[in-house]
Amino acid sequence: MRIGNGYDVHRLLSGRRLILGGVEIPHPTGLSGHSDADVLVHAIIDACLGAAGLGDIGVHFPDDSLAYEGISSLTLLERVRDKLSLNGFEIVNIDCVIVAERPKLSPFIPEMRENISLCLKTEESRVNIKATTEEGLGFTGAEEGISAWAVCLLDTAPYWKAASE
């Protein structure tokens with residue numbers, strides 16, 4: 001078994017869509033970034049890559065590459081899933097926290113879990129997402145940005161399973 005953690009943060013800006021876990025959330029501001037700036041999926045990607053010993057999101061999907069400009073982070077997560085499979089790993093579980101003062105995220109979490117589990121081809125019960133505020137403290141509390149933390153536990157896939165994918 002191997003464990004990895006991931007963290008991401010993006011600034012909130014007017015004129016951008018707010019995408020978290022592949023879900024577009026109604027809000028007057030969105031996250032700034034080269035891709036769709038989905039901090040939740042970016043943190044999960046880093047956790048998965050870290051657990052597999054495969055570097056980080058910037059190594060695989062550089063933010064100065066036109067190939068990734070505006071790309072859905074769920075597409076990147078699918079590519080990470082393929083890298084995990086090629087290296088003989090499978091997801092045991094993922095646990096995440098999104099830190100945002102607003103909007104209230106709990107109504108969107110079931111769809112986020114579904115999107116992420118579908119991308120990773122794993123059971124939804126293996127993906128847990130929580131949301132919290134910072135009670136007005138720090139950059140997230142001041143509503144300047146949103147951050148996310150993720151932890152991923154991997155195990156080596158059985159030989160027959162890895163060979164069939």
Side-chain angles (χ1 to χ4, degrees), residues 4-51 55-84 91 93-153:
N5 65 65
Y7 172 76
D8 196 35
V9 61
H10 286 274
R11 180 180 304 277
L12 284 163
L13 291 177
S14 294
R16 293 278 300 191
R17 298 179 309 146
L18 179 57
I19 309 288
L20 294 170
V23 178
E24 186 167 348
I25 298 169
H27 195 60
T29 60
L31 295 170
S32 174
H34 186 66
S35 65
D36 63 4
D38 188 330
V39 294
L40 175 60
V41 175
H42 292 183
I44 292 169
I45 287 171
D46 269 347
C48 291
L49 291 170
D56 64 24
I57 192 170
V59 169
H60 297 274
F61 314 110
D63 66 3
D64 59 357
S65 170
L66 293 177
Y68 306 114
E69 187 173 0
I71 195 168
S72 167
S73 295
L74 292 177
T75 299
L76 302 179
L77 186 59
E78 288 173 345
R79 293 178 187 176
V80 167
R81 177 206 62 220
D82 293 343
K83 292 174 189 298
L84 295 177
I91 303 285
N93 77 302
I94 292 173
D95 188 38
C96 314
V97 179
I98 306 167
V99 184
E101 205 65 22
R102 272 182 269 215
K104 182 100 172 138
L105 297 176
S106 58
F108 304 99
I109 288 176
E111 188 177 355
M112 292 179 201
R113 288 181 67 210
E114 180 181 11
N115 289 344
I116 291 162
S117 65
L118 286 171
C119 283
L120 293 172
K121 294 185 179 177
T122 193
E123 296 87 17
E124 201 170 311
S125 64
R126 293 178 181 244
V127 178
N128 189 56
I129 302 170
K130 305 172 293 281
T132 191
T133 70
E134 288 194 308
E135 303 293 329
L137 300 173
F139 70 90
T140 55
E143 298 183 51
E144 296 172 7
I146 293 177
S147 64
W149 296 88
V151 176
C152 174
L153 183 63

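Note that this is a predicted model, so its numbers are computed, not measured.
- Listed by chain and number, the residues in a ring-ring contact (aromatic ring centres under 6.0 Å, His included) with Tyr7 are Trp149 (sequence neighbours excluded).
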Full working for side chain to side chain contact (heavy atoms under 4.5 Å, CB included) between Val80 and His60: CA-CA 9 Å; Val80 167; His60 297 274; 6.0 Å; no

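- Remark: the backbone N or O of Gly21 is paired with a side-chain donor or acceptor of Asp38 at under 3.5 angstrom.
- How far CG of Asn115 is from CG of Leu40: 10.0 Å, rounded to the nearest 0.5 Å.
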Identify all side-chain donor-acceptor contacts of residues 70-79 below 3.5 Å with residues at least two apart in sequence or on another chain.
unit_1 : atom_1 : unit_2 : atom_2 : d
Ser72  : OG     : Leu74  : N      : 3.2
Ser73  : OG     : Asp36  : OD1    : 2.4
Ser73  : OG     : His42  : NE2    : 2.8

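- Checked by atom type and distance alone, the side chain of Glu101 never pairs as donor or acceptor with a backbone atom of Ala142 at under 3.5 Å.
- Partners of Phe108 by ring-ring contact (aromatic ring centres under 6.0 Å, His included), not counting sequence neighbours: none found.
- Applying the side-chain contact (heavy atoms from CB on, under 4.5 Å) criterion to His27, with sequence neighbours excluded, gives Leu18, Thr29, Arg102, Pro103.
- Residues Ile146 and Leu12 form a side-chain contact, since some pair of their non-hydrogen atoms from C-beta on lies under 4.5 Å apart.
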Residue pair Ile57, Asp8: steps toward the side chain to side chain contact (heavy atoms under 4.5 Å, CB included) verdict: CA-CA 10 Å; Ile57 192 170; Asp8 196 35; over 6 Å; no

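- Expressed to the nearest 0.5 Å, how far CG of Leu20 lies from CE of Met112 amounts to 5.0 Å.
- For the atom pair CD1 (Ile44) and CG (Asn5), the distance works out to 13.0 Å, reported to the nearest 0.5 Å.
- Residues forming a side-chain hydrogen bond (donor to acceptor under 3.5 Å, both in side chains) with Thr122 (at least two apart in sequence, or on another chain): none.
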Check against side chain to side chain contact (heavy atoms under 4.5 Å, CB included), Ile91 and Cys152: CA-CA 7 Å; Ile91 303 285; Cys152 174; 3.9 Å; yes

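- Contacts of Glu135 classified as salt bridge (charged side-chain N to carboxylate O under 4.0 Å, His left out), with partners at least two apart in sequence or in another chain: none.
- Here Leu105 contributes atom CG and Thr133 contributes atom OG1; the two are 10.5 Å apart, rounded to the nearest 0.5 Å.
- The salt bridge (charged side-chain N to carboxylate O under 4.0 Å, His left out) test applied to Arg126 returns Glu123, not counting sequence neighbours.
- With sequence neighbours left out, Lys104 forms a salt bridge (charged side-chain N to carboxylate O under 4.0 Å, His left out) with no residue at all.
- For Asp56, the side-chain contact (heavy atoms from CB on, under 4.5 Å) partners two or more places apart in sequence, or in a different chain, are Asp46, Val59.
- Under the side-chain contact (heavy atoms from CB on, under 4.5 Å) criterion, Asn128 pairs with Asp95, Lys130, not counting sequence neighbours.
- Applying the side-chain contact (heavy atoms from CB on, under 4.5 Å) criterion to Leu13, with sequence neighbours excluded, gives Arg11, Arg16, Ser32.
- Checked against salt bridge (charged side-chain N to carboxylate O under 4.0 Å, His left out), Glu24 has the following partners two or more places apart in sequence or in another chain: Arg17.
- A distance of 7.5 Å separates CG of Leu118 from CD of Glu124, quoted to the nearest 0.5 Å.
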